[in-house]
Structures are given as structure tokens and as C-alpha cells.
Number of protein chains: 2
Amino acid sequence: MNMDNIGYGVEAVLKPNSIAIVGVSGSASKKEVVGGTAILKNLLRFGYTGKIYPINPKYEEIMGCKCFKSIKDVPEIIDLVVIAVGSDGVPALMQECGDAGVKAVNIISSGFAEVGTPKGKELQEKILSIAHTYGMRIVGPNNLGSINLLEKVAASTSAGLYCDKLIAGSIGWVSQSGALTSSLYGRVMDAGIGLAYVVTLGNESDLDMADFIWYMLDDERVKVIAVYIERIKDTEKFKKVALKAMQVGKPIIAMKTGSSERGAAAAMAHTGSLVGSDSLYSAFFKQNGIIRVEGIDELFETAELFSQWSKYGSVENLAVVTTSGGAGGIFADLCEPAGLNMPPLSKDIKDRIMKEIPEYGSAQNPIDMTAQILQMPDALLEVGKILDETSEVDGVLFAISALPPASAVQFAKNIVEYCAHSKKPVVVCWYAGSMNGEAIDIICQKGIPCYVDFEATVIALKRRSQFLKYKKAFADKEDAPVFEQVEVAKSGAFSESESKSFLRKYGVPTTREILANGWNETLNAANEIGYPVVIKIDSADILHKTEADVVRINIKNDAELKIAFEQITQNAKTNKPDAKINGVLVQEMIGGGVEAFIGATYDAQFGPNIVYGLGGIYVEVFKDVVQSMAPVSYTEAMDMIEQTKSAKILKGARGKTYDVQSLAKLLVSVSEVVARLGSQMSELDLNPVIVTKDGVKVVDALLITK
Amino acid sequence: MNMDNIGYGVEAVLKPNSIAIVGVSGSASKKEVVGGTAILKNLLRFGYTGKIYPINPKYEEIMGCKCFKSIKDVPEIIDLVVIAVGSDGVPALMQECGDAGVKAVNIISSGFAEVGTPKGKELQEKILSIAHTYGMRIVGPNNLGSINLLEKVAASTSAGLYCDKLIAGSIGWVSQSGALTSSLYGRVMDAGIGLAYVVTLGNESDLDMADFIWYMLDDERVKVIAVYIERIKDTEKFKKVALKAMQVGKPIIAMKTGSSERGAAAAMAHTGSLVGSDSLYSAFFKQNGIIRVEGIDELFETAELFSQWSKYGSVENLAVVTTSGGAGGIFADLCEPAGLNMPPLSKDIKDRIMKEIPEYGSAQNPIDMTAQILQMPDALLEVGKILDETSEVDGVLFAISALPPASAVQFAKNIVEYCAHSKKPVVVCWYAGSMNGEAIDIICQKGIPCYVDFEATVIALKRRSQFLKYKKAFADKEDAPVFEQVEVAKSGAFSESESKSFLRKYGVPTTREILANGWNETLNAANEIGYPVVIKIDSADILHKTEADVVRINIKNDAELKIAFEQITQNAKTNKPDAKINGVLVQEMIGGGVEAFIGATYDAQFGPNIVYGLGGIYVEVFKDVVQSMAPVSYTEAMDMIEQTKSAKILKGARGKTYDVQSLAKLLVSVSEVVARLGSQMSELDLNPVIVTKDGVKVVDALLITK
């Protein structure tokens, strides 16, 4: 084991046998304490069973714990030291910890790289260097600490702990925002959702998000991992973690801020780190099987469904059982756009259900038991039994309106009883205020996912089916080819003919074309290719050919060719007298078809990536494009095409069909070229690519290298 | 006053001086009672101060109230009788009420039209007829009753009242779903949101949603009205109410189900009423200044902001003040797509703010005071003061993360103190669980809108600015012209030439064209119009001209014309031998431009309406269309065009600009034609309409009348 191993040292942070705290004061009698004193108080009040060593030369004991003058006075090797002193004092303490063989430190103190000053950065480098010397791990600095709810290690200053609860469960949680984590912690506990770990990361000077996720993937008590991300420090490391998560089948659910420019700026001000482009993050998450959610509450609402339903397969056909037609209508409205199927039930099933529910109910799906169901307490069990037996549905959602409290409790008990015998997964949406809190608690305590919002219920179901699709795609995935970087002939812009020659080496289909020198060669080339032809001036110095008026299309004969040749030759001279001209590029003219656009860039954080969209107006007006990391597999390429709204055009709107398979193959080839080029590429544009019913051809291309 | 007057009789329902209850039993000792017994219990426990008359011959008194043997035994004219007996007994009781001069009855009993049987419908007609005879109003049947929180009249069986709270406020609430209302009631009270009235409507046999809204518009204590709609029974009546709402400046906020087909079906099963097309509802709401929300919680979150901010103008520039960079980033992400402006602050303001907040904070907008603000309790007041003085922002959002409870209370008091002196509206998002409940209550109790969710905060702000836009549009609105129905020459399909002749009468610009009979007339017409021309077979029996191959375009000379003439004449004969042919329609050929589509239908519920979109692929693939009730004003027509994504194309993507003004005028003209036609129209399609830089022309048209 060494420090390059992902997750190394996390055990000492999350499951320490002993904890020393530096920066703990005698102010323990105050109700609201901060820093190291808060850590000590929280460890004690939540029942930490390991050894605690407060370090303070001024006191004999604090809160009943014997104090030690310094780290070196502690009579054993300490797993975790929490440091909460002024930043200037941290390096000396780190040295002391190193000398004493401490395994990890969690640095609460701020005043390091996050403040953006040279002094702050220097201090952070200093402590990191000390840690490296001793093979000791750091969480933070500028951190709140972490909580292990399974073993009751509340080594955190988080204000969230004022909720006074540690509900143990199977969700691991890693976050780049301390304040949001504190806020969310209380809400999650209020909702009765159990957690395994809560980790905030501070400046991530050493141990980072990937390390903690990795560790949790190895802990069989963790079923799902929820993360709050402002930026990913090391995308390659994160990819490894995501791959392992897919291999062990544990979902990672991510909330990422910075989708707006202002949001990105706010996150930047906050973290002092570079925030990558948001659309690249989306592509990165998707290609690595990570579920991206859009709201902070959604993170846990989704995680709860994942954790409680981890033993079930996918739910393709959902039965919705309600106590009110209104709620049924709302669920129907929400399920449809979310892609959740609520199949109409067969006559046989409907007849059986109608026998169990009030006369004025409905056995459509949604099944409306009506509020009168209160007078028929066993009907829920009977309806549930019918749904459990039929193959027409494979999951059940109970949508319950507010009920008188005692009836609600009976109803909740019926749901729990039903779930104890049901083979199919059950989710509850209990749409009521705190007056039905007792009933809701009964359901939550039995590990049945229970939401108060319609929207939250549907979003969680939607995210789960999304993850199961990712999982299937992962299982079917071809191994991605590994590319070495290629040598490119030159740096800077390539002419069209140079760009296409390079691309053809990697199987990219382009227009047939001949680079001609002078009139005679041009004439011969046109006749060899066959009219109609297109001619263009080929020069790396004239990249905007239309603006320079050096393109003529649909040339039908020698006479037209002559005129066109004279014009574009003259225009090139007038437009850019000092341009280096390679010659006249004579191309076949492609008629019909639909225009597509394929572009590529190299991102400093995420590396090579490609952008696809149908060309012209679709890209310009509707911004109907999709981005992916390169390379992409054929399946991923097909999925990119499918994701655009304009996919309908390729599928045959207006009676035409197009060769989508060849387009997907082209995306694969381009993505492989781009992966080969790696950081040598600055930009690649294929625009237009013409898609016909018989294939695809790149009509114009521009490569710019670094 | 008579029963045709909107709102007549509502006073007796919502503010009764006396209430009699029929169907009340002696089971009052039970904790959970239903029907009339629940009404009596709720009236008593929530402190109703009027007279209560339980009607039950078997008891001397129930819950301390003296019982009467029958309605006629009550020694005064009763304002409201609540009826909660089996449906068969209701007509006789109604008769008795009528004889006794009762003003209104609220019928809890079910078993009427909602069950869909002939007997149920008959019973409902019977009670309605009795009510009409006596000039007595009905709420329901199949209803929960209503609550007046201002005067503590809890005449409702709603399970929501088990929350044990009546928080009086300025939101009026009218709902077509009893169960959802019960659920939401408890949640709204939990959130500390005050209400003026809660009305559920049941079957709306007599008094309907419009009546209750009308009444509330006249009550100055009501500032905003929230409605839950499954269907609007009488759109004309609702329009009158919406118009009055705009005149008195009170927003109506609506949640409407049935956006999906399944949702519509579920709502139908529930109410037994026809559900109109959802997109027509959206158009209806918008054109009548009603704010449509998309979620049931949103209804009250939005209403709360409206009610508390009713004295303030629009907020164009929002300052966001946070205790965490993470929260700031989330708000920035949410505000941008919601169209809420968070302007960067000037250097002067930033410098002043930086002096008040911790060193590591940020004075960008969002302003990050950081969690250290806890140690600087007055900083919030100072920052607030700077924001109150500057003209750079006109509203402030405080986004607070979880804090230790005692500090949270101090923080809340500071916010309250700030608001007491601030000239600008303040909204708070306190993102924490119940551990900060006390602090949140302090804010709510002072009438400062306070949310726990980021999303809810932003949506409420967005809806408010939407309403202020509607209000402005209303103030600027031209009077809509009033049309009489026109006589149309025939019923059924019109040929293209007939359709266009009709449209031209109302100022609709079409292609220049001549209807020619035989070859000689066709030749003369082509030469009169001038080549290139288009020719088409004109027949009301051949509506799909392309499919029948009876159109030839871009005819350049006499010779081409002859061939085209022969072909289409022959094709018409082959394709439809018995078609009545009016002749050959010779048209000018319109080159260039962009294709638009304008359609119209007559809806049984909403009346005439028009649909607009850019033609061809935009309508087919992107479904980029917008629908409005006819007629529309020029401003509304411009707004319709603006609402489509393809508006960008008309504004000059690719360097071309188009005559959008003429397109808007065409929409106005078409909408006026459609309004004139009224129910005589079955369908009208103008497809394509060509928009060029110089104007618009209808190239093809099809009118079908009834």
C-alpha cells in the first residue's frame, strides 16, 4: 500500500480506533461550541466508543476526558488527529503528528489555499509536504470533519449535528460544500433517511472525493453514494472510481453546481479551483455511469430509493394506487414526461380490483381507492395482493392523501404488512403535513422509501430507471481502444485538403477530390471526377472560404469550370495576396441529403471530446447538439444521435430515410482520431457532413493543431 | 341581485351568521368523527362565534349544542345548512330548507352526478331545481365544506383540520379536489402560511369556482387567490372573473391537472366532467392574466410571495446574500434560466460590503458572508443597509444555511429587524431542517416570505415577475373587437380558391391568382400574372393536392404551362373521376422566404383559437407551435411569434431578416376571421404562409365549415 493507491488512509479517517483533538478549549459548558471543542462534544454525545485524547496543556481534563499536553505525550499510535488551531500553527503540529506516527489528520483550520493569497498556498504546500514525508494523510484543510453513522463517529463540527440524530443507513455521502452539507444533514435526518457516512472535503489538498468514494465502494454496508460536486480535481482518478462503482453495481449520484456562468463564478470564488465546462461534466457523468441530479434535495430523495430498492430489478410497468382521483391525475401527468410507464390494466385485473374497492373508485391505472377506503381497511391488502400476483405491473406506488391521524397509522401498518409479503418493490408518496408524521415514520422505519412530494417520487423513479439503463450499457460495452498520440505534420491550421488527407488515414469518408495545380490539372481533375464538381482554393491561410469567395459549386461543364477557376484564383489573390496556396481542390458535388456538424475540442480538464448536431439551422437556432468525451463506442455514437431532437429528421420525417449507421460509424472514427491527437489538437470541425440514404461524406474539414 | 349574478349567495356560505347541520350523530366522543358530526366538532373546536343548530330528533343536545328535530323547528332564518345524509334523503331536506328560507346549503353527501349513473344525475337535477325554485344556493354535492380562517368558521369535514391550526392570512383558496386540499392544508399550516378561505367545490352543481373567486376579489383582506383546477365548467364566466381580478390587481394562481392524456383520463374518472385540451388551458390562462404553476406545492409557495409582497413593485435586480458559497452557486444556476437578474455590483458597493463581511467572503452578487458571519451578528444589518440604499438592486434574497439553533434565532431576529426598516422587499430561503424551525417561525410570523427550498424560492420569484408582465400587458391592452357571426356560403370543405376568396374579404394577403376554365383561360391567366407561375386543380373534393399530383410549380413559359396543364387535368380525372372541378388556379410563384403555418380550430369549451408555428420541419419535428384563443391583439400576436424557438430564424439567423410585423398582422386578421366564424368553423389551415423581408402571403388555404 502506498499513497498513490486510491482510498489509502481513509479507514483511519472514517473508522479511527483513536482520535486526538488539538484546539479544544475548556468552554464546554457553553451550549454552542465551535472547532475542536465541538468535535469533542459531538464525539461524546453521539457515543464514540474509541479512545479520545484532547490535547491542551492548560487542563487536566475536558468534558471528562483526560487531557494531554501534546501529541507526543499520547501513549499510543493515534489513528486520527483533528487539528483546529490558527493556520500558522498547523505545520509544527503536522511535524509532531508525523513524528508520532499518526495515520491521518483532519484539518478544520482555514487560512490555506482557499483564501487565494500566496501565503495561504504556501502554507498548504508545506503541510502537504510534511504529510508526504511521513506517509500521513490529510483531509482538508478548511473542513468540517466527517461522520460515520454506522460506528457513531461524529468527528465533525457540522451545525447539522444540532438535529441530534444519527440515523444509520446505507447511503454514503461525500461533499465539496460544508455549509450545504450541514443544511442537508438535518433535512435528511428529518426525512428519516439513513446514512452510512458524511464526508466534507474542504480544500482536498490530499485525500479527495475519489478516495472516499473508493473506500465506500469496498464497504458492503454502503449501497449507494451521493456526492455534491463543485469541480472534479482529477478526472482520470474519478474515472477509475466510477468504473469500479459500475463493476460492483453501486450507483453514484451527483449534484453539480455551475450550470450557469454566474453559478460557475460563485463556485470558483468559493473553492479557488477551476470549474470545467458544465456540458462536459454532463457528458463525463453519463459516459461513466454517474447519475446527475438537478437539485440538492433530489440527491437524497434519489439515493433513498436506490438504497432501499437495491435488491430489485428494473420497474418497467408501475401501478399507482391512490386515495384520491386528484393525486392519480397528478401522477399520470408527471409519469408520462418522465418516461415511466403506467400501463392500463387488463379487464380481468380491473374486475378483480373493483370487487375490493369502493363502488365509486376506479380500477384504471391510477387505481383510485377513494377516501372511503378508510372504512375498508383490508382493501389495500387485497388490491396489493392482486398487483403482486399479476405480471402486468412490476412495482407499486401508493399515493396517500392526508388522513385522520389514527386512521393514517392503521393505513401505514397495512402498507408495512403488505410490503412484508410482497415480491415487488413498493414506494409511497404520502402527501400530507406533519399531522400524518407518525404514520409516515412507521413506513420509513421499515425501509420503505416514502416521499411527501409527488415530484420527488417521480424523479427518484426516473433516475433509478436511468441508472439501470447505464448499467446495462456498461455490461454491453465494448472495450474502448487505447490510442497512442500520433505525429502530426505541422502545428497550426491545416488546409481543407490537408485536414481531409489526415482524416482519411483513420477511415473517415470524405468527398472524392483531387488537388490540382494550375488550369490544366484542374481541367483533368474535373473530368476524372466527373461533372458536376465543386472547386475551392486550398490554403491553410484562407480558412473562411465562403467569406473569401473562393468556392464554386455545381459546375456542370468545362466552360463553367474555366470561368469558376479564373474567379476563385483571382479572388484568392485579391483577398489574401500573401496566402500560401496549395492549389485548387476539385471535388465531387454531393446532391441531396441532410447536413450534419461534427466538431471536437481538447479540454484541459476532461481531454478530447466531440460535439455532434444536425447542421445549419438546427445547430445555430435550436442549439440541438450533444457532447461526449472521445473516444465513443458505436453504441454511444448512436445514443448521441438519438439524444438530439433532430434525430427525428434522420429517421425519416417527410418520407426520407438516412444512413444513420454510417453517421454513427463516422462519429466513432472521428472520436478515435481525436483521441489519438490528444492534447496536440486544438480544434477540429467537419462542417458540413452530408448524410444521404446511402452513406455519409465529409464535405469540408478544418483541423487546427497546437 | 339574482342567481345569475356571479358570487351571489357566497356570503352565506363563507360568513354565515347561523349554521344548521343535518346528519350529525351522538358519536361525538369518538376521536375521529366524520360527516356532519365532524362539521359540528370542527366548528366548535376552532371557535365559530355564530349560532349552531344540530338537527337530530333523537338527541336533546350534542357536544353541548341544543338539538332541533328538523330545520323548520329552528327559530330563525338560517344562513347555511350543511347536509350530510344519504343522497336519497337530500331532496326532501332541500324542500324543507327552501320552505324555511335557508340562504345556502353545503351538501357533503355523495351519490349524485359524480357516480355517473342515471339515478345520480337525476338526483342532482332534482336538488338543483328545488334550489332554483327558492333562490337558495348549493355548494356541492359530494363536497367537504369550506373554511373561513379570518372569522374562524371551520364548516368542513377536511382531514386537513387534524393539523389543529387555523392561521389567518390573505390567500384565498378554491379547489376542485377535496383530498388534495386536505393534504395541502396541513402542509400549508406547517409552513406557517396564512390563509383567508379554503373552499372545496364538489360537483359544482350550482355555485362554482368562479363564484367563490368573485366573492374573494371583493374582500379586501384577500390579496391573492390560489386555485386547483381539473376543468373549467363555464369559460365565459371564468373570463369575467379573471378580468375583474386584473382590474382590482389581485393575482389568480392556478394549478391544473390533465397535461398528459392519462392525467386527463384520471381527472375525468374523478369528476365525470369533460376535460378540455391542456394547451388550450395554458393559452386561456395566459390570455386572461392567470398564472399557471406546475406543481401543487408551488401553488402556495407562489401565493405566499404574492400575498406578502403585494405592496411592492417589480423586482428587476435581485441581490442574493448567502452564508455559503455553495448556496450562492445554486441560486446563480437557478436564477439564470428563470430569467431573474442578479446584477454584478459596482466597485463602490462591493468595497462597502467587503468592509462589513469576513475577509474570506465575496461581495460579488451572490454576496457570500460565509459561515463566520455568526461571529459578526451585526454584519447582516450593515450589508442590508447598503443594499437598501443603492439603486443597483431592488429586492434582497437571504439564503441561509443550517446554523446552531441559538445563533439561528439571533440571525432570524436580525433579518426581522432589517425588514422593519427596509424599503425593498425581502425573501428568505432558510435551507435547513427542523433544527432551525424556531428561527424560521420568527421570520414567517413577521410576514416575510420564507422558503426551505432553493427551487421554490426561485420559482415563486419567477411567477411573480411573470404576473407583473401580465398586469402590464393588461394595462396596455387594446379593446378586443367584438364580432358578429358571419354567413358562410356553404358547409363542408372549401376549395383553395374559395378559402382564399373568403379570407381576402378580411384583409388576409394571399398569392395573386386567377381561377381559369380550360386551356385558353389558363394561358391568358398565366400571362397576366407573369411567369414563373404555379398551377393547381381547384376543387373542394381534392383537398390533398400533392398526393393527387395536381400541382405544378415554377412554370417558366407557355410551353411548360401546356404540359403542366395537361398533366394535372389528367391526374385530377384519374385520381378522383367524380370530383367537382372549379377550374385551374393560376398563381404567382413566390421565391425565397421562410414557410410558416397558421391553423385554427373551434373548441367546444374554449371557442375559436389559432395555432402558429414556422412551417415544415419546425412544426413536424420540433413541435415548435403556440396556441391562443381568437381573436388576438397585435401585441399578443407578436408575443405568439416570440414564444416559438424558431423566432430566432425570423429575426435574422444567417443574415436574413423577415417581415415579422406583417406576420403578426396576419395572425391578427386570421384570428378575427376565426372569431367571426365562431362555431361555424370546423377547421382552417393556412399552409404554407411565406414570410419574406417585404411581407407575407398565404400560398395555400383550406377552410372547413360545419
Side-chain angles (χ1 to χ4, degrees), chain A residues 31-32 115 159-160 162-163 177 179-180 182-183 186-187 189-190 257-260 262-263 266-267 269-270 295-297 323-330 332-333 336 342 360 362 364 366 368 371 401-407 431-435 453 455 617 620-622 645-646 648-649 653, chain B residues 31-32 115 159-160 162-163 177 179-180 182-183 186-187 189-190 257-260 262-263 266-267 269-270 295-297 323-330 332-333 336 342 360 362 364 366 371 401-407 431-435 453-455 617 620-622 645-646 648-649 653:
Chain A
K31 208 173 169 195
E32 290 180 2
V115 302
Y162 281 96
C163 78
S177 169
L180 284 178
S182 293
S183 293
R187 288 166 69 95
M189 292 293 119
D190 282 353
T257 47
S259 64
S260 68
R262 187 64 66 82
H270 181 222
I296 184 90
D297 285 319
T323 56
S324 120
I330 291 179
D333 283 355
E336 192 176 274
M342 278 167 58
Y360 309 141
S362 162
Q364 307 291 337
D368 180 8
S401 307
L403 300 175
S407 306
Y431 187 70
S434 59
M435 62 181 232
D453 285 343
E455 289 81 1
I617 220 83
E620 290 169 30
V621 177
F622 291 97
K645 292 199 193 92
S646 55
K648 283 183 200 162
I649 293 168
Chain B
K31 207 172 168 195
E32 291 180 1
V115 301
Y162 281 96
C163 77
S177 168
L180 283 179
S182 293
S183 293
R187 288 166 69 95
M189 292 294 119
D190 282 352
T257 47
S259 65
S260 67
R262 186 63 66 82
H270 181 222
I296 184 88
D297 286 318
T323 56
S324 118
I330 291 180
D333 283 354
E336 191 175 276
M342 277 167 59
Y360 308 142
S362 162
Q364 306 291 336
S401 306
L403 301 175
S407 307
Y431 187 72
S434 58
M435 62 181 232
D453 284 343
F454 298 104
E455 289 82 1
I617 219 84
E620 289 169 31
V621 177
F622 292 97
K645 292 200 195 92
S646 54
K648 284 183 200 161
I649 292 168

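To find a chain, count down the sequence lines: A is the first, B the second, and so on, and within it residues start at 1.
Rounding to the nearest 0.5 Å places NZ of A:K645 at 4.5 Å from NZ of B:K645.
The backbone N or O of A:A402 lies less than 3.5 Å from a partner atom in the side chain of B:S183, making a donor-acceptor pair.
For the pair A:D297 and B:F454, the minimum side-chain heavy-atom distance is 4.5 Å or more. Taking the side chain as every heavy atom from C-beta outward, B:Y431 and A:L180 approach each other to under 4.5 Å. Residues A:R187 and B:D453 form a side-chain contact, since some pair of their non-hydrogen atoms from C-beta on lies under 4.5 Å apart.
Listed options B:P404, B:G160, B:S407 were ranked by heavy-atom pairs under 4.5 angstrom with chain A; first place goes to B:P404. Interface remark: of the candidates B:G186, B:A327, B:A432, B:G295, B:A432 forms the most heavy-atom pairs closer than 4.5 Å to chain A. Of the listed residues (A:L403, A:I296, A:T323), the one with the most heavy-atom contacts under 4.5 Å to chain B is A:I296.
A:D190 and B:S434 are linked by a side-chain donor-acceptor pair at a separation below 3.5 angstrom, with hydrogens and angles left out of the test.
Closest approach of A:I330 and B:T257 over heavy atoms only: CG1-CG2, 3.3 Å.
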